[in-house]
There are 2 protein chains.
Amino acid sequence: MTDKQRPHHHGNLREALITAGLDLMEEGGPDALTLRKCAKRAGVSHAAPAHHFNGLISLQAAIIARGHQKFADSMHHAAQQAAPCPQAQLNAICAGYIDFARNHSAVFKFMFLPHDVAMDSLDATTQQELIRDSQASYQILRNACTPFEHNDSVGVSTEIMVWSLVHGYAMLFSSPDKTETPSGPIPEFSQILPKLKLKTEPAP
Amino acid sequence: MTDKQRPHHHGNLREALITAGLDLMEEGGPDALTLRKCAKRAGVSHAAPAHHFNGLISLQAAIIARGHQKFADSMHHAAQQAAPCPQAQLNAICAGYIDFARNHSAVFKFMFLPHDVAMDSLDATTQQELIRDSQASYQILRNACTPFEHNDSVGVSTEIMVWSLVHGYAMLFSSPDKTETPSGPIPEFSQILPKLKLKTEPAP
DNA sequence: ATTAGAAGTTGACACTGTCAAGATGAATGT
DNA sequence: ACATTCATCTTGACAGTGTCAACTTCTAAT
């Protein structure tokens with residue numbers, strides 16, 4: 001029993017299930033995510049996941065939370081390699097946004113589905129993770145927009161505009177295959193963003 | 001048997017299944033769409049749909065096609081009630097776009113999922129419907145953008161910009177419940193669209 | 001050392017999509 | 001009018017799914 005071949009405890013089954021689930025989703029789309037297949041990949045029985053997730057819905061929520069972590073990483077990484085001025089930062093974060101949508105398109109789109117998920121139907125751990133990680137990733141884009149925020153009366157929130165623009169672009173044109181539409185090639189987002197009337201000077 | 005209670009032929013089962021499927025999806029989200037439940041609503045046996053759709057994937061595709069029809073109707077209807085000038089038309093069509101996303105949010109989001117659907121796995125009828133109806137709805141927004149299209153060298157396609165902006169807005173902020181975010185209320189899209197630098201004069 | 005509880009297993013159930021085989025009825029050709 | 005053909009629908013079966021209950025095994029705290 002020095003190196004027990006099959007310890008009764010997996011050790012970190014919750015993590016293993018999330019990882020397996022992410023892989024399954026990227027391999028075969030949202031419908032390929034199955035509790036039983038995750039269990040099989042983790043080497044446990046089909047009912048073992050029930051001790052870590054409150055049903056399939058919670059595993060999906062945990063995968064969305066993990067997706068938000070990677071999403072935030074992608075934006076942060078892009079921002080760190082850009083010049084520190086607000087324009088360059090916002091551009092980089094949008095690029096990180098779109099990179100993630102391109103490189104993890106299945107998970108990305110799954111993250112922004114109409115998951116009319118009742119928060120209280122999730123186990124506490126997953127619920128906390130989801131709230132924390134999703135708010136953290138939202139905050140990145142939000143922060144990058146604040147230097148351009150309008151202070152005057154009726155100005156429309158910069159954050160809403162940029163978010164709509166980059167999200168729509170990512171959703172519509174970030175499938176790895178569809179790089180063009182009937183009306184010609186899709187331009188890079190860095191060409192589109194300047195077309196928004198943003199405040200050019202940070203708040204004094 | 002004068003008025004046969006159960007004619008062997010349903011008469012228009014394909015239509016009945018699409019209608020039932022649309023209802024199911026709007027009632028309970030994408031996962032509530034089930035071949036067997038559609039069959040039950042239409043009053044036929046669980047295997048009857050197989051004679052009209054090449055599997056669940058084809059029924060889903062047919063529902064997406066029908067969604068595109070309603071989508072196009074929503075945009076057309078809004079456009080007809082607006083002034084005939086390009087600005088008012090584009091504004092109205094975007095409003096119709098967002099109205100549809102609000103009123104049929106489940107179907108709308110289902111329409112724009114990563115349906116990596118192999119077109120040749122659909123039955124011929126459904127495949128034709130999907131291509132025809134989706135292209136028709138795309139064409140509406142496309143046409144409304146042409147008066148603003150840049151003719152000069154490196155201009156970015158107006159269609160791509162407007163499409164990204166309105167689609168992102170619809171996706172992010174058109175859930176009937178979420179009408180506000182941590183950063184305040186969501187403005188109407190009619191306030192956002194003018195923030196795009198569009199060509200103000202139609203082509204001479 | 002005992003015990004309470006967490007972690008995992010086994011077995012069952014209802015529901016799903018899909019297939020095969022048969023039954024029914026409408027349409028067509030002679 | 002009759003026979004044939006074929007689309008349509010039914011019945012029955014199968015594997016896969018999520019979920020629940022009962023049980024076993026191990027961990028950890030008293």
Side-chain angles (χ1 to χ4, degrees), chain A residues 1-18 20-21 24-25 27-63 110 115-118 121-126, chain B residues 1-18 20-21 24-25 27-63 110 115-118 121-126:
Chain A
M1 287 265 232
T2 51
D3 68 332
K4 18 183 171 181
Q5 311 178 351
R6 275 286 190 93
H8 182 71
H9 275 46
H10 178 283
N12 204 353
L13 182 53
R14 190 171 192 278
E15 270 302 306
L17 290 171
I18 293 176
L24 280 171
M25 197 173 301
E27 292 168 13
D31 292 340
L33 174 64
T34 284
L35 278 176
R36 288 171 117 101
K37 280 193 275 196
C38 287
K40 180 162 283 185
R41 288 210 179 190
V44 295
S45 75
H46 70 265
H51 293 271
H52 295 273
F53 298 102
N54 185 12
L56 175 62
I57 188 71
S58 286
L59 176 56
Q60 290 172 329
I63 285 175
F110 188 71
H115 300 292
D116 313 312
V117 47
S121 74
L122 305 178
D123 50 282
T125 305
T126 303
Chain B
M1 288 258 237
T2 51
D3 68 331
K4 19 182 169 181
Q5 312 178 352
R6 277 288 190 93
H8 182 69
H9 274 46
H10 177 283
N12 204 353
L13 183 53
R14 189 171 193 277
E15 270 301 307
L17 290 170
I18 293 176
L24 281 171
M25 196 172 303
E27 290 169 14
D31 292 340
L33 175 65
T34 283
L35 277 176
R36 287 170 117 101
K37 279 192 275 195
C38 288
K40 180 163 284 185
R41 289 211 177 189
V44 295
S45 75
H46 69 264
H51 294 271
H52 295 272
F53 298 102
N54 186 12
L56 175 63
I57 188 71
S58 286
L59 175 57
Q60 290 172 329
I63 285 175
F110 188 72
H115 299 293
D116 314 311
V117 46
S121 75
L122 305 178
D123 49 282
T125 305
T126 303

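Throughout, a chain's letter reflects where its sequence line sits, starting with A, and its residues are numbered from 1.
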(request) To the nearest 0.5 angstrom, please state how far the CG atom of A/L24 sits from the CG atom of A/D31. (result) 12.0 Å

(message) Nearest whole Å is fine: how far is D/dT17 C1' from A/L59 CG?
(response) 14 Å

(message) Checking B/A124 now: which residues fulfil side chain to side chain contact (heavy atoms under 4.5 Å, CB included) with it, not counting sequence neighbours?
(response) none

(request) Report the residues that fulfil side chain to side chain contact (heavy atoms under 4.5 Å, CB included) with A/A62, sequence neighbours left out, ordered by chain and then residue number. (result) A/R14, A/I18, A/F53, A/T126

(request) Report the residue (B/S45 or A/N54) whose heavy-atom-nearest nucleotide on DNA chain D is the more 5′ of the two. (result) B/S45

(request) List for me each residue that meets salt bridge (Lys or Arg N to Asp or Glu O under 4.0 Å) alongside B/R36, sequence neighbours excluded, and say none if there are none. (result) none

(request) Just grab all the salt bridge (Lys or Arg N to Asp or Glu O under 4.0 Å) pairs involving residues 38-47 of chain B, residues at least two apart or on different chains. (result) B/E27-B/R41

(request) Could you check how far CG of A/D123 sits from C1' of D/dT19, rounded to whole Å? (result) 15 Å

(request) Would you give the length of the straight line joining atom CG of B/D123 to atom CD1 of B/I57, rounded to the nearest 0.5 angstrom? (result) 11.0 Å

Protein-nucleotides 13-17 of chain C N/O pairs under 3.5 Å:
unit_1: C/dG17; atom_1: OP1; unit_2: B/L35; atom_2: N; d: 2.9
unit_1: C/dG17; atom_1: OP2; unit_2: B/L35; atom_2: N; d: 3.3
unit_1: C/dG17; atom_1: OP2; unit_2: B/R36; atom_2: N; d: 3.2
unit_1: C/dG17; atom_1: N7; unit_2: B/R36; atom_2: NH1; d: 2.3
unit_1: C/dG17; atom_1: O6; unit_2: B/R36; atom_2: NH1; d: 3.0

(request) Rounded off to whole Å, could you give me the CZ-to-P distance for the B/R14 and D/dC9 pair? (result) 13 Å

(message) If the condition is side chain to side chain contact (heavy atoms under 4.5 Å, CB included), which residues does A/A39 pass it with, not counting sequence neighbours?
(response) A/V44, A/P49

(request) Would you sketch DNA chain C in dot-bracket for me? Only Watson-Crick or G-U wobble pairs with both distances under 3.5 Å count, crossing pairs as [ ], other-strand pairs as |, the rest as dots. (result) ||||||||||||||||||||||||||||||

(message) Return the CD to CG distance between B/E15 and B/L13, rounded to the nearest 0.5 Å.
(response) 10.0 Å

(request) Sorted by first residue and then second, give each side chain to side chain donor-acceptor pair (under 3.5 Å) pair with at least one member in residues 45-57 of chain A; sequence neighbours left out. (result) none

(request) Whole angstrom is fine here: how far is it from CD in A/Q60 over to P in D/dT17? (result) 14 Å

(request) Report the distance from atom CG of B/L17 to atom CG of B/L59, rounding to the nearest 0.5 Å. (result) 6.5 Å

Pairs under 3.5 angstrom, nitrogen or oxygen only, protein versus nucleotides 5-8 of chain D, please.
unit_1: D/dT8; atom_1: O2; unit_2: B/H8; atom_2: NE2; d: 2.9

(message) Applying side-chain hydrogen bond (donor to acceptor under 3.5 Å, both in side chains), can you list everything that pairs with B/T34, at least two apart in sequence or on another chain?
(response) none

